[in-house]
Amino acid sequence: MENLIALVNRLQRACTALGDHGEESSLPTLWDALPTIAVVGGQSSGKSSVLESIVGKDFLPRGSGIVTRRPLVLQLHLIEEGREYAEFGHLPRKRFTDFAAVRKEIADETDRETGRSKQISSVPIYLSIYSPNVVNLTLIDLPGLTKVAVEGQPDSIVLDIENMVRSYIEKPNCIILAISPANQDLATSDAIKISREVDPKGERTFGVLTKIDLMDKGTDAVDMLEGKSYKLQFPWIGVVNRSQADINKNVDMIAARRREKEYFASTPEYRHLANRMGSEHLGKVLSKHLESVIKSRIPGLQSLINKTIIELETELSRLGKPIATDAGGKLYMIMEICRSFDGNFKEHLDGVRPGGDKIYYVFDNQLPAALKRLQFDKQLSMDNVRKLITEADGYQPHLIAPEQGYRRLIESSIVSMKGPAEAAVDAVHAILKELIHKAISETAELKQYPSLRVEVSNAAVESLERMRDESKKATLQLVEMECSYLTVDFFRKLPQDIEKGGNPTHSIFDRYNDSYLRRIGSNVLSYVNMVCATLRNSIPKSVVYGQVREAKRSLLDHFFTDLGKKEGKQLGTLLDEDPAIMQRRLSLAKRLELYRAAQAEIDSVAWSK
């Protein structure tokens, strides 16, 4: 069972090393979940003397005013034999065998954190004492409660100390060791007052009475020790500390323990309580109780640790990887982020993510509708046909068929198809641009780095614009090709059609009559509709080839080329992560390290009854 207290000791040390002191934080805290014993008392309650009696050594700073200005986590380790020694958490490789030096180091380490002012700090000092004269036990010595600020202290010191003490003892895993002097009214005890606030039923409070030997003649502490004055779940324990004269004479602590035993055994009022009085008994009771509390908390502690590890890993994953320090690492990191973005963009086009279907809608609905709206029959009205045919003949009318007139009518109709072709290119460009913005917003890593997000977005849009321009040029060329060379087979059929519809030997001027012009208009319309059907199929192919395919193949090629020319400092400017996120990630990583260490510590303990 002794290894249970040692386990909590190691976990508390890990907490402090990684900055977890149980303070208010948005991060999960392991400290609050660990069972602890907090020593609470007023400045004149004899708190320091009780701790020294349990340890059997003079090691705490003494003086007037507030001497304890930082929590002192006192970890006691029972050893079979050997010389007593102490170690500090902040000096792990240094052993102190002179306990006067321990006292000085506590004072010096307090000053390192708070300065030589009389301010207080919530950052604990860790002190481990190894001795054959102690029990396995961990206590947290808190600053003594006070009612007034002394010279050099802020007016808020009274409330500051009270708040620090309350922050420890209000936690349900904290066992309260309330030190009260017997020669004062228990109703005015600082320790009892604050303990009652956080533990009104006294279920986790141990009451300790000091200065029993200093009570006025004719009075005793029997009612208090028997729990009649103030009842707690656990029996009150009385102690007799060394007097100031004993301290000045350096009376041996072991001898003082013997005198304490003799006092309770020989004093008639306390003889019936002697077997559960004294600092030695107090240490054993606390050690046994702490072990039982730790054992009962282990399953819940394991559950908390496992759950919190998952939460921390999830949060760290959401925040993304930390920034690499070298130029190569930064370049690789940027490339990986860009590939992630590019993958998201392609998934939109390939139907894994929504949005790509809008391109098909352009080809299947918008382009046909735009071509239909051209209304070639109006363009090939009788008046327009007569006008163009007549103008094409010039001063000499055509002899057999008005070829130039046909060409002008066909070209003027086909040229109008450039509008829908350009509109299809622009519509697909707009959709691709929209998908880029979607892919950027879906790439979690780009949210970390605003500058990189802007650069990638700009580079992708610039690539799309280049592709749009090339695609527009190629698509319009399809229309121009239809204008530049007409399909011969279509016109080879026309003489036969003409013979079926009339006598081609009519005079030249008869061929300008309405029937003749109507036939020309009908022939041209048939040809234009044929071309329109062809372009309806070829324009999508050109757009997909020049824009969609290219966007999937080389969207960020220019960006990657420019990226390879940048130096480490320039790459660093792209990875301008929010400092708050960087700090958050660092804190979470430290906390995760703590919880994994705690998990390993608990798993390594072999439980036994």
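Remember, predicted model here, so these are calculated numbers, not experimental data. Residue numbers start at 1 and run along the sequence shown.
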Nearest-0.5 Å distance, [atom1] of residue [X] to [atom2] of residue [Y]:
X: Arg69; Y: Asp160; atom1: CZ; atom2: CG; result: 13.0 Å
X: Leu91; Y: Arg93; atom1: CG; atom2: CZ; result: 9.5 Å
X: Cys338; Y: Leu574; atom1: SG; atom2: CG; result: 9.0 Å
X: Leu535; Y: Ser542; atom1: CG; atom2: OG; result: 10.5 Å

- request: Could you please spell out the steps behind the side-chain hydrogen bond (donor to acceptor under 3.5 Å, both in side chains) verdict for Glu87 and Ser128?
  value: CA-CA 5 Å; Glu87 288 181 350; Ser128 293; 5.9 Å; no
- request: Return the set of residues passing ring pair (Phe, Tyr, Trp, His ring centres under 6.0 Å) with Phe363 (not counting sequence neighbours), or none when no residue passes.
  value: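 With neighbours one apart ignored, the set is empty.
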Derivation and outcome, side-chain hydrogen bond (donor to acceptor under 3.5 Å, both in side chains), residues Ser471 and Arg468: CA-CA 5 Å; Ser471 176; Arg468 177 197 59 192; over 6 Å; no
query: Of Asp141, Thr36, Ile140, which meets side-chain contact (heavy atoms from CB on, under 4.5 Å) against Val73?
result: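 By the side-chain contact (heavy atoms from CB on, under 4.5 Å) criterion, Val73 pairs with just one of Asp141, Thr36, Ile140: Ile140.
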message: Under the criterion salt bridge (Lys or Arg N to Asp or Glu O under 4.0 Å), I'd like the reasoning laid out for Arg339 against Glu336: C-alpha separation, chi angles, the key distance, then a yes or no.
response: CA-CA 5 Å; Arg339 289 190 187 100; Glu336 284 296 297; 2.8 Å; yes
Search all heavy atoms of [X] against all heavy atoms of [Y] and return the closest pair with its distance.
X: Ile305; Y: Tyr595; value: CG2-O, 3.5 Å
X: Asn365; Y: Pro368; value: O-CD, 3.4 Å
X: Glu422; Y: Leu476; value: CG-CD2, 3.6 Å
X: Leu435; Y: Gly355; value: CD2-CA, 3.8 Å
X: Ser121; Y: Pro71; value: O-CD, 3.1 Å
X: Pro354; Y: Lys438; value: O-NZ, 4.4 Å

field: Listed partners of Asp562 passing side chain to side chain contact (heavy atoms under 4.5 Å, CB included), at least two apart
entry: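 Per chain and number, Asp562 pairs via side chain to side chain contact (heavy atoms under 4.5 Å, CB included) with Lys565.
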message: A cation-pi test, strictly: NZ or CZ of Lys171 under 6.0 Å from the centre of the six-membered ring of Tyr168 and no more than 45 degrees from its axis. Yes or no?
response: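 Pair Lys171/Tyr168 counts as cation-pi.
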task: Flag yes if more than 12 heavy atoms outside Arg536 fall under 6.0 Å of its CZ atom; otherwise flag no.
output: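 12 or below, so no.
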